[in-house]
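The structure under discussion appears below in the form of structure tokens.
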Amino acid sequence: MSTEELSQVLRDRREKLAELIRKGTQPFAYSYDRTHDAATAASSFAAAEEAKSLDADGHGPRVRVAGRLVAWRGHGKTAFAHIEDRGGRMQMYFRQDVMGEERFAALHFLDLGDWVGVEGPLFRTRTGEVTVRVEASTLLSKSLRPLPFGKTEVDATTGEKVHHSGFSDTEARYRQRYADLAVHPEVREVFRARAKVVTEMRRFLDGEGFLEVETPALQPLYGGAAARPFVTHHNSLDRRMFLRIADELYLKRLIVGGFERVYEIAHNFRNEGVDRLHNPEFTMLEFYQAFADYSDVLELTEALFGHVAQAVIGGTELTYQGQKISFARPFARIRFMEALGEALGADPTSLSEAELKKRAIALHVPDLDGAGRGKLLDKLFGALVEPKLVQPTFVMDHPIELSPLAKPHRTAQGVVERFELYAMSAELANAFSELNDPLDQRERFEAQRTLGSAGDDEAHQVDEDYLRAMEYGMPPTGGVGIGIDRVVMLLTDQPSIRDVILFPVLREEE
RNA sequence: GCGCCGCUAGCUCAAUUGGCAGAGCAACUGACUCUUAAUCAGUAGGUUCUUGGUUCGAUUCCAAGGCGGCGCACCA
């Protein structure tokens, strides 16, 4: 793009850059040797005050700090500014009589968004803020495009932060996440919290003796969930391949192989709609424990949630979008059929398929064409019970038709040993006593194949290799999948899954 | 896929019934040696998402399209 085509603000910056280069300044430095970040500088000054080691002018330790220039207030022969680095914000005080005329004049070439390094002693201003009395400043990288900085004011009476202007266009914030992050420290905090969630899940499972593994994202057959896949092609093998919709079947192969406790934090890909709770690419934790059933892994799931909540938000109580939610153990437990029966006013097992369909139609549940008994039960549950599940609730023992990979319930008819954890009316986790009878598994696959040929494009595929693995012998196993993005949404009070994924899927720009 | 809402300066937003497209912040020029939404004076900055239509005249009305948000559907 030629200079003439650029808007005025962009042109100004390029002209400044050209002028800097003419003056012999390197506008894109190679490195900067800093001694402190904003946080360590502030604490070292506080320590010096405590030790009464400030000099006669009130100066504490000398520091070299570096960061992005985020605020500038010029006052003639002095100026105040803030830089922001990993440790927070740090104020700088520039004086012509301290820096000398030439260095002070060079500040004219700085813009908000520039990366700078400064050096000088720390002191406390009249208003009490720890500040660098800048003796020398170095431009580290010139910003050629203005960042959409807002301004924040602290309300004198309430003490609350008031935001002025700023960067609020959601589309631009998702597309230009770098700018969103650059001007919104609170967005950076969300993703720090996300990293902590993942770290703490690992720490918890490692502590329980689980082995972290990696299984294929590129799969010859997809499975482990009911979803449409992304299809791709391997050129040199000339073979169709799928991006995984789940890692479940691979993890259970590893259980067959003798790893008794395994887990994976995996990206799954599902070729489906995008909304507040769904991104086509998302992150799931799955873990499998040999010799355990779903009751055992339910206990483990509760403990894991407790551990993560404690580590990330310091407790089990939180507010999500204005609603108080408690992750204090034990979580509520309801049986799928009982909860549905209560909502229907009739035992769903005693209702015929036609009767169920009539009920669904009466509730204006759409898209019932070709829905079998399992799907009808699921639709009715989704319409009648799910919206009520705001507090963490384990929904137990689902209809067998819905769960082709789960073991039949040891006492109840027509259901499997399965639980899903719900909170804020969204599914957070899904688990079963894993089906380990290869003959039963084959029958379930065949039933899925029938559904598939009847037009259900989410029906499970028959995975012969998985059946072969199970024939070698799979120990009784409990397995759990947890949607990490949704857990992060909850713990960080974010309304959309896009707010916890750095680069969410969007349509093409323009 | 359907419905509703939105798209105007770098950012956040105005614009009467269809009548010269404006403000705050950012930018630029100047003043100012403890400010913090610094202040004060001045200047500049526009493909009003795109295409087409109606009209003497369209940011405004109509049609189609694009992108986004929300809701619905889909997502066991």
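So you know, we letter chains A, B, ... as the sequences are listed, proteins then strands, and number each from 1. Side chains are part of it too, since the values below use all heavy atoms of this structure and drop only hydrogens, waters and symmetry mates.
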Among [options], find the nucleotide with the atom closest to the side chain of [X].
{"X": "Glu171(A)", "options": "rC67(B), rC74(B), rU35(B)", "value": "rC67(B)"}
{"X": "Asp12(A)", "options": "rU35(B), rC28(B), rG68(B)", "value": "rC28(B)"}
{"X": "Arg276(A)", "options": "rG71(B), rC34(B), rC28(B)", "value": "rG71(B)"}
{"X": "Asp97(A)", "options": "rC67(B), rA27(B), rU33(B)", "value": "rU33(B)"}
{"X": "Thr78(A)", "options": "rU35(B), rC13(B), rU33(B)", "value": "rU33(B)"}
{"X": "Tyr174(A)", "options": "rC34(B), rG69(B), rC70(B)", "value": "rG69(B)"}
{"X": "Arg507(A)", "options": "rU12(B), rA38(B), rG68(B)", "value": "rG68(B)"}
{"X": "Arg73(A)", "options": "rC28(B), rA38(B), rU12(B)", "value": "rA38(B)"}
{"X": "Arg95(A)", "options": "rC67(B), rU33(B), rU35(B)", "value": "rU33(B)"}
{"X": "Arg498(A)", "options": "rC70(B), rC74(B), rU33(B)", "value": "rC70(B)"}

Sugar-phosphate, base or nothing in reach of [X], heavy atoms under 4.0 Å:
{"X": "Leu506(A)", "value": "sugar-phosphate"}
{"X": "Gly74(A)", "value": "base"}
{"X": "Arg228(A)", "value": "sugar-phosphate"}
{"X": "Glu401(A)", "value": "nothing"}
{"X": "Arg173(A)", "value": "nothing"}
{"X": "Thr170(A)", "value": "sugar-phosphate"}
{"X": "His398(A)", "value": "nothing"}
{"X": "Asp169(A)", "value": "sugar-phosphate"}
{"X": "His460(A)", "value": "nothing"}
{"X": "Phe123(A)", "value": "base"}
{"X": "Glu129(A)", "value": "base"}

* Is any side-chain nitrogen or oxygen of Lys16(A) closer than 4.0 Å to OP1 or OP2 of rA27(B)? ->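 Negative; the distance criterion is not met.
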* Below 4.0 angstrom from OP1 or OP2 of rG10(B), is there any side-chain N or O of Arg145(A)? -> no
Just how far, in rounded Å, is [atom2] of [N] from [atom1] of [X]?
{"X": "Arg177(A)", "N": "rG68(B)", "atom1": "CZ", "atom2": "P", "value": "14 Å"}
{"X": "Asp111(A)", "N": "rA26(B)", "atom1": "CG", "atom2": "C1'", "value": "10 Å"}
{"X": "Gln176(A)", "N": "rG68(B)", "atom1": "CD", "atom2": "C1'", "value": "14 Å"}
{"X": "Asp114(A)", "N": "rA27(B)", "atom1": "CG", "atom2": "C1'", "value": "13 Å"}
{"X": "Glu508(A)", "N": "rG68(B)", "atom1": "CD", "atom2": "P", "value": "10 Å"}
{"X": "Asp499(A)", "N": "rG68(B)", "atom1": "CG", "atom2": "C1'", "value": "13 Å"}
{"X": "His75(A)", "N": "rU35(B)", "atom1": "NE2", "atom2": "P", "value": "7 Å"}
{"X": "Arg11(A)", "N": "rA26(B)", "atom1": "CZ", "atom2": "P", "value": "20 Å"}

* To do: Measure from NZ or CZ of Arg133(A) to the centre of the six-membered ring of Phe123(A) and say whether it is under 6.0 Å with the direction within 45° of the ring axis.
  =>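 Ring-cation test returns yes.
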Whether [Y] and [X] form a salt bridge (side-chain N of Lys/Arg under 4.0 Å from carboxylate O of Asp/Glu) is what I want to check.
{"X": "Glu135(A)", "Y": "Arg62(A)", "result": "yes"}
{"X": "Arg449(A)", "Y": "Glu446(A)", "result": "yes"}
{"X": "Lys407(A)", "Y": "Asp293(A)", "result": "no"}
{"X": "Glu420(A)", "Y": "Arg418(A)", "result": "yes"}
{"X": "Asp440(A)", "Y": "Arg444(A)", "result": "yes"}

* To do: State whether the distance check finds a donor on one side and an acceptor on the other, under 3.5 Å, for side chain Asp275(A) versus base rC74(B).
  => yes
Watson-Crick or G-U counterpart of [N], or none if no pair lies under 3.5 Å:
{"N": "rG6(B)", "answer": "rC67(B)"}
{"N": "rC61(B)", "answer": "rG53(B)"}
{"N": "rA37(B)", "answer": "none"}

* Describe, in one word, how the ring planes of His398(A) and Phe336(A) are oriented to each other, choosing from parallel (under 30°), tilted (30 to 60°) and perpendicular (over 60°). => tilted
* To do: For the pair Trp72(A) and Phe94(A), name the ring-plane relationship: parallel under 30°, tilted 30 to 60°, perpendicular over 60°.
  =>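 Tilted: the ring planes of Trp72(A) and Phe94(A) meet at 30° to 60°.
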